[in-house]
Amino acid sequence: MDIRRKSARATTLLAALAGIAAAALLLGVAELAAAFFTARATPVIALGSTFIDFTPGWLKDFAIATFGTGDKAALFVGMGLTITALAAVLGIAAFHRWVLGAVGVTAAGLVIVASVLSRAGASTYDALPSLIGTAAGLLALRLMIARLPAARAVPSDPAPADMAPAPAAARALPGGSSRRSFFAAAGITTAAAAAAAAGGRALGSVRNSVEAARRSLRLPAPASPAPVLPAGLEAPVDGVVPWLTPNPDFYRIDTALSVPQLDVDTWELRVHGMVEEEFTLTFDDLLEEDLIERHITLTCVSNPVGGNLVGNAKWLGYPLRDLLRRARPLRGADMVLSTSSDGFSASTPLPVLQDGRDAMLAVAMNDEPLPLEHGYPVRMVVPGLYGYVSATKWVVDLEVTRFADRTSYWTDRGWSEKGPIKTMARVEVPRSFGKVAAGTVQIGGTAWSQTRGITRVEVSVDDGRWEEVTLAAEASVDTWRQWHHEITVGPGSHTLRARATDPADGLQTDERADPVPNGASGWQSVQFTAT
Ligand SMILES: Nc1nc2c(c(=O)[nH]1)N[C@H]1C(S)=C(S)[C@@H](COP(=O)(O)O)O[C@H]1N2
Ligand SMILES: [Mo]
């Protein structure tokens with residue numbers, strides 16, 4: 001009996017250790033994934049903020065009074081102890097009943113996800129690292145627990161057999177469990193946790209140094225500043241998205257698993273191919289050119305009707321028409337293939353880059369150097385074309401060539417060679433499946449038709465007559481334009497449709513098309529309920 005009890009106690013201790021090792025792996029993997037995938041909130045830092053939020057005031061005061069400037073260190077020690085205790089409990093819980101442990105670990109993972117997402121400027125991408133870490137932690141815990149002797153084989157007290165925990169078969173390995181195999185699993189987990197944490201730190205410090213370089217970068221004033229914005233750009237309706245999209249809210253689309261970390265001191269752009277003059281630009285060369293500053297609305301070809309893969313920013317950059325004037329394309333060239341440091345490429349029609357529109361090699365977005373995720377230090381921005389054929393981020397190579405000779409990342413995957421942005425009206429208020437008070441309802445949204453402009457937006461309620469709405473001021477034909485209107489609806493469920501007109505192509509088509517191969521089309525239809 002005594003020996004059995006001792007061995008049961010030892011096994012419980014091992015289960016606690018398994019919990020702690022699994023927690024370490026969870027956090028280590030989450031940190032590594034965060035350094036890899038996103039440039040924002042690392043899970044441990046975000047968790048630290050949440051921890052502060054939930055620390056009672058008196059304890060915070062005590063910590064500051066006692067530890068002074070060491071209060072941050074005290075925070076992490078306190079957090080470490082709390083996590084260790086919780087992990088030990090979860091390890092023991094998992095040993096007795098796997099579901100209990102699994103639910104506990106998952107809940108802990110979701111707390112980390114919530115911490116990360118509650119940070120200013122977080123995007124849904126930022127949830128990924130914590131989720132991956134949680135999966136790794138769960139898997140490791142499962143593997144370690146499976147190597148412990150089954151709880152039933154070593155009852156800690158003479159409990160009736162039917163009160164014994166989960167069947168041994170669920171945990172024991174074929175051939176019986178072995179302590180050596182447990183220690184191997186726990187050792188591997190701990191080593192992996194340490195390696196992941198170290199890797200995360202190393203990657204993170206590269207990121208921090210690039211981020212620091214980005215922050216201290218001074219950009220020149222534009223030779224041609226953005227035109228002064230007219231008053232009345234925003235529709236006076238609550239819930240319409242801001243006319244200028246703040247950088248942290250700007251949609252992000254790319255194939256980069258890891259955000260490229262480029263150094264302005266070594267960045268170079270090679271300009272070559274069917275040109276009379278090939279050359280290479282350094283970042284300093286680029287900044288010495290006459291830069292233009294323009295508001296331009298970007299749109300992703302994958303944006304569904306009514307979707308939000310569209311954003312409007314102020315860009316500062318070197319006009320591509322000037323670059324091409326210097327390179328002097330040869331007769332027969334009809335395309336510029338731009339390639340990023342990570343191998344993405346886009347094929348842009350050469351005439352588009354020479355027709356006078358403000359296509360540029362952008363270095364700034366809304367008065368700051370490009371955020372890392374948006375192409376730091378240099379990206380392309382071309383008014384009027386979907387991003388996949390024009391907006392190459394982290395650009396390092398421009399080849400003047402022919403569509404007949406070269407293809408690009410998405411055209412290789414079945415998307416169209418040409419990608420002009422389709423005219424689109426979007427309803428933002430009321431929200432899809434939203435609720436409003438019956439009576440008069442203020443509605444509003446945005447419409448875009450880059451390089452052509454928006455001249456009319458109409459709406460129809462419950463398939464009634466099309467009514468023309470009020471357009472907000474227009475900054476330029478390259479930016480989206482807000483609209484608003486007042487409708488009257490009785491209680492019940494309603495349908496609101498919207499459509500835009502541009503001066504070149506006329507009324508936007510009502511023909512429904514999927515994003516593949518060259519952009520979604522059709523009139524948006526929003527269901528809402530009035531009560
Ligand atoms: N290097 C690189 N640049 C890229 C992409 C990419 O996958 N890799 N995606 C393009 C696509 S499809 C779009 S819509 C825009 C999105 O730019 P954003 O992430 O700054 O909004 O970037 C374009 N530039
Ligand atoms: Mo895109």
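All ligand and atom numbering here is 1-based and tracks the order in the structure.
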Which residue and atom name correspond to the protein heavy atom nearest [atom], and how close is it?
| atom | result |
| --- | --- |
| atom 2 (C) of ligand 1 | Phe344 CD2, 3.3 Å |
| atom 19 (O) of ligand 1 | Lys393 NZ, 2.5 Å |
| atom 24 (N) of ligand 1 | Ala391 O, 2.9 Å |
| atom 13 (C) of ligand 1 | Gly387 CA, 3.7 Å |
| atom 9 (N) of ligand 1 | Ile253 O, 3.3 Å |
| atom 21 (O) of ligand 1 | Tyr251 O, 2.6 Å |

Check your understanding: Should we say atom CZ of Arg201 is surrounded by more than 12 heavy atoms from elsewhere, each under 6.0 Å from it?
Key ->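 No, the 6.0 Å shell around CZ holds no more than 12 heavy atoms from other groups.
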[Y]/[X] salt bridge by N-O under 4.0 Å criterion:
| X | Y | answer |
| --- | --- | --- |
| Lys393 | Glu373 | no |
| Arg452 | Asp505 | yes |
| Asp334 | Arg402 | no |

Point to revise | Side chain proximity check, Trp448 to Asp502, heavy atoms < 4.5 angstrom | key: no
**Study point:** Side-chain touch Trp415/Tyr386, heavy atoms, less than 4.5 angstrom
**Key:** no
Could you tell me, atom by atom, which parts of ligand 1 come under 4.0 Å of a heavy atom of [X]?
| X | value |
| --- | --- |
| Ser340 | 1 (N) |
| Phe250 | 21 (O) |
| Tyr388 | 11 (C), 12 (S) |
| Trp394 | 1 (N), 2 (C) |
| Thr255 | 6 (C), 7 (O) |
| Thr392 | 3 (N), 24 (N) |
| Cys300 | 14 (S) |

Check your understanding: Regarding Arg499 and the six-membered ring of Trp466, is the cationic atom NZ or CZ under 6.0 Å from the ring centre and inside 45° of its axis?
Key ->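 Yes; both conditions hold, so Arg499 lies above the ring face of Trp466.
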Check your understanding: For Glu373, is at least one N or O under 3.5 Å away from an N or O on ligand 1?
Key -> no
Point to revise | Residue portion contacting ligand 1 (non-hydrogen atoms closer than 4.0 Å) for Tyr386 | key: neither
**Study point:** Asp342 and ligand 1 - part of the residue with a heavy-atom distance under 4.0 Å
**Key:** side chain
For [X] and [Y], work out which heavy atoms get closest and say how close.
| X | Y | answer |
| --- | --- | --- |
| Val116 | Pro43 | CG2-CA, 3.9 Å |
| Asn312 | Phe250 | N-CE1, 3.5 Å |
| Ile132 | Ala33 | CD1-CB, 4.4 Å |

Review point. Hey, is Arg379 one of the residues with a heavy atom under 4.0 angstrom from ligand 1?
Key: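 The answer is yes, since Arg379 has a heavy atom less than 4.0 Å from ligand 1.
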Check your understanding: With no hydrogens and no angle check, do the side chains of Thr299 and Gln450 hold a donor and an acceptor under 3.5 Å apart?
Key ->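 Per modelled atom types, Thr299 and Gln450 side chains form a pair under 3.5 Å.
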